[in-house]
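Report on one structure; see the data block that follows.
Just so it is clear: chains get the letters A, B, ... in the order the sequence lines come, proteins before strands, and each one is counted from 1.
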Amino acid sequence: MSTTTTTNLPHHLKPKDISTESTSASKLSQKTILNLLNTKCNTSLQCLKLAHCITLRTGHFQDHYVAGTLVKCYANPHFNNFGFALKVFDYVLNPNVFVWNIVIRGCLENNEPSKAISLYHVMVAANSRPNKFTYPPLFKACTITHAIEEGLQFHAHVVKHGLSRDGHIKSAGIQMYASFGRVREARRMLDGEGDSDIICWNAMVDGYLKCGDVEAAKKLFECMPDKNIGSWNAMISGFAKCGMNEEARKLFNEMDKRDEISWSAIIDGYIKGGYYKEALEVFNEMQREDIRPRKFILSSVLAACANVGALDQGRWIHAYVKRNSMRMDAILGTALVDLYAKCGRLDMAWDVFEKMTEKEVYTWNAMIGGLAMHGRAEDAIGLFSKMQREKLKPNEITFVGVLNACAHSGMVDEGLAILDSMKNVYGIEPEMEHYGCVVDLLGRAGLLEEAEELISSMPMEPNAAVLGALMGACRIHGHVELGERVGKVLLELEPKNSGRYALLSNIYAKAGRWDDVEKVRRLMKERGIKTTAGSSMIDVGGIVHGFKMADSSHPQKKEIYLMLDRIFERLHMEGYSPKTSQVLFDIKEEEKETALRYHSEKLAIAFGLLSTAPGTAIRIVNNLRVCDDCHSATKLISEVYNREIIVRDRVRYHHFKNGKCSCKDYW
DNA sequence: ATAGGGTTAG
């Protein structure tokens with residue numbers, strides 16, 4: 001029975017060629033061949049092909065045990081050629097359960113869960129009776145593809161075949177039901193007949209937590225007949241994922257033996273909650289306990305470094321990876337690419353990217369996104385084309401990167417063409433995020449009407465992010481009426497988001513409508529909304545220094561403020577005039593200037609100029625977008641002090657050099 | 001008979 005598109009196998013690998021031949025090889029026993037397949041053939045494709053030839057020559061190919069093992073070897077994800085495994089499978093006559101199970105599992109291991117499901121139907125149609133090994137991968141496939149109907153059907157088959165007692169099936173089933181949000185069905189499986197063991201309990205604990213039922217998880221954890229380290233870890237990572245970092249930490253402290261997963265879960269919880277500094281502290285704590293970090297933790301920590309701009313610590317990890325000859329797998333490599341890109345070192349990001357041998361879509365996405373963030377739209381699009389030349393399928397994240405690149409450099413036609421091609425060429429339905437990028441693109445370019453039209457043509461109701469993009473464009477182009485209209489909707493849609501209030505009052509302030517600015521301020525007060533304070537971080541000698549507006553907490557505050565005054569003296573001589581329209585209060589002009597002068601970004605720059613050698617680049621990470629005034633001041637500083645200043649804001653990078661910015665004042 | 005399960009990463 002043919003199950004795949006059958007292109008023929010190479011001549012020498014076809015059964016019919018030599019199955020009748022009798023050579024000395026035929027004396028090889030089944031056992032010897034299996035031994036060969038199970039040892040050498042898992043790493044060497046050459047050995048595998050040789051073994052394949054031998055099975056054909058000796059007539060062992062139609063032995064299901066041999067054929068199954070052979071297919072399993074070909075299906076090893078390491079070879080990245082599952083298509084070939086399927087072709088070989090096609091030549092197995094009347095495969096038995098063993099062979100079917102191998103190929104179904106192979107689908108899963110090669111990221112083809114839907115294929116696993118469809119092959120199961122072929123298997124049943126071919127009258128092969130599934131056994132207990134058949135179902136776990138199928139449940140997993142349903143979990144991944146969210147195939148609820150099929151999952152229920154598989155469960156029914158499990159019952160029909162009398163396999164419900166099996167622990168492997170139970171744990172996979174529990175996970176599946178939990179992923180559907182059906183904890184009660186999961187629990188019923190756990191409590192049903194047969195042997196539920198630690199792994200099933202752990203899966204259930206995890207399931208409860210993934211569904212947000214913390215109490216049920218706690219209760220089960222308490223009354224489990226037996227626990228292992230995995231049970232604790234499931235609780236900790238579950239707490240961490242629910243944002244309950246303190247609870248997680250409490251359990252973590254109670255453990256008598258922690259493994260890498262325990263540490264990793266804690267660190268990850270902090271990262272997910274945006275507590276990057278805390279994450280880095282835990283990492284240091286771990287090292288003080290002499291635990292040698294491995295790639296799992298390292299890639300998490302790299303994400304934390306990337307987010308706070310801790311370039312030096314990130315580089316240390318990179319060096320650590322090299323020093324310990326750790327394999328640069330796709331995840332670790334991607335984390336490094338992301339780190340360097342987010343820390344403003346595109347050169348190093350590119351270096352890692354180029355040397356990586358195991359790139360995945362994520363890796364390309366990180367590099368494309370990095371280029372986009374730096375305003376290098378042509379390069380981002382170039383890389384996108386290269387990705388296709390290398391026959392890698394872009395995913396929806398790839399398009400977010402590419403469209404962002406267009407938005408950051410005003411490439412309207414290209415952006416629209418790409419949005420169009422998503423569906424027509426790549427078969428990927430544009431989602432809200434993609435529309436958001438294009439609304440941003442059109443809006444920034446001043447095409448407000450087109451942006452509005454796009455929004456009304458979207459197949460879904462615009463969310464806050466999309467409207468926010470439109471409103472941002474209104475601010476840039478001084479479109480008060482539209483901005484006001486959108487702003488009102490947005491304030492109801494997201495009454496807790498302080499950024500929206502700031503944007504609206506900014507639009508009013510720019511138009512000099514101070515009464516309305518005041519109204520917004522009062523509304524915020526009524527609703528108890530606090531503005532997100534702007535903060536800037538700068539990494540000097542491996543230590544990240546953070547500044548807030550008018551900050552006086554830094555030990556060197558005196559020097560910093562003195563430096564700032566000196567800087568502004570020089571800037572004024574160069575013709576700098578403060579962009580007081582940035583200030584959201586109707587105060588006197590001089591006061592406005594003072595308010596601008598102590599923006600966190602300027603404090604960080606002053607500190608950077610003080611504490612780094614002349615000529616070295618200054619790298620700053622802002623939590624918000626750069627303001628107009630900081631932008632023009634920084635341009636001038638880069639010229640007057642002859643320094644390259646690299647500023648990362650909430651969405652993109654600005655490379656200031658010789659009085660100019662890489663964003664070409666378009667951001 | 002042969003094969004297999006949970007908690008950690010971009």
What is the nucleic acid contact for [X], judged by heavy atoms within less than 4.0 Å: base, sugar-phosphate only, or nothing?
| X | value |
| --- | --- |
| A:Lys170 | nothing |
| A:Asn38 | nothing |
| A:Thr69 | nothing |
| A:Asp259 | nothing |
| A:Asn101 | base |
| A:Glu360 | base |
| A:Lys272 | sugar-phosphate |
| A:Asp329 | base |

Nucleic acid contacts - residues 222-232 of chain A versus DNA chain B, non-hydrogen atoms under 4.0 Å: A:Asn228, A:Gly230, A:Ser231
Stepwise salt bridge (charged side-chain N to carboxylate O under 4.0 Å, His left out) check, A:Glu109 with A:Lys72: CA-CA 10 Å; A:Glu109 283 168 355; A:Lys72 187 174 155 226; over 6 Å; no
With [X] via salt bridge (charged side-chain N to carboxylate O under 4.0 Å, His left out) - residues at least two apart:
| X | value |
| --- | --- |
| A:Asp329 | A:Lys295 |
| A:Lys219 | none |
| A:Arg187 | A:Asp191 |

If we ignore hydrogens and angles and just use 3.5 Å, is the side chain of [X] paired with the main-chain N or O of [Y] as donor and acceptor?
| X | Y | value |
| --- | --- | --- |
| A:His146 | A:Phe180 | no |
| A:Lys227 | A:Phe221 | yes |
| A:Asp347 | A:Trp350 | no |

Side chain to side chain donor-acceptor pair (under 3.5 Å): pairs with one or both residues in residues 304-319 of chain A, sequence neighbours excluded: A:His318-A:Tyr340
Positional range of nucleotides in DNA chain B within the contact set of chain A, heavy-atom, under 4.0 Å: B:dA1 to B:dG10
Flag for A:His60-A:Tyr65: side-chain donor and acceptor within less than 3.5 Å: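 Side-chain D/A pair, A:Tyr65 to A:His60: absent.
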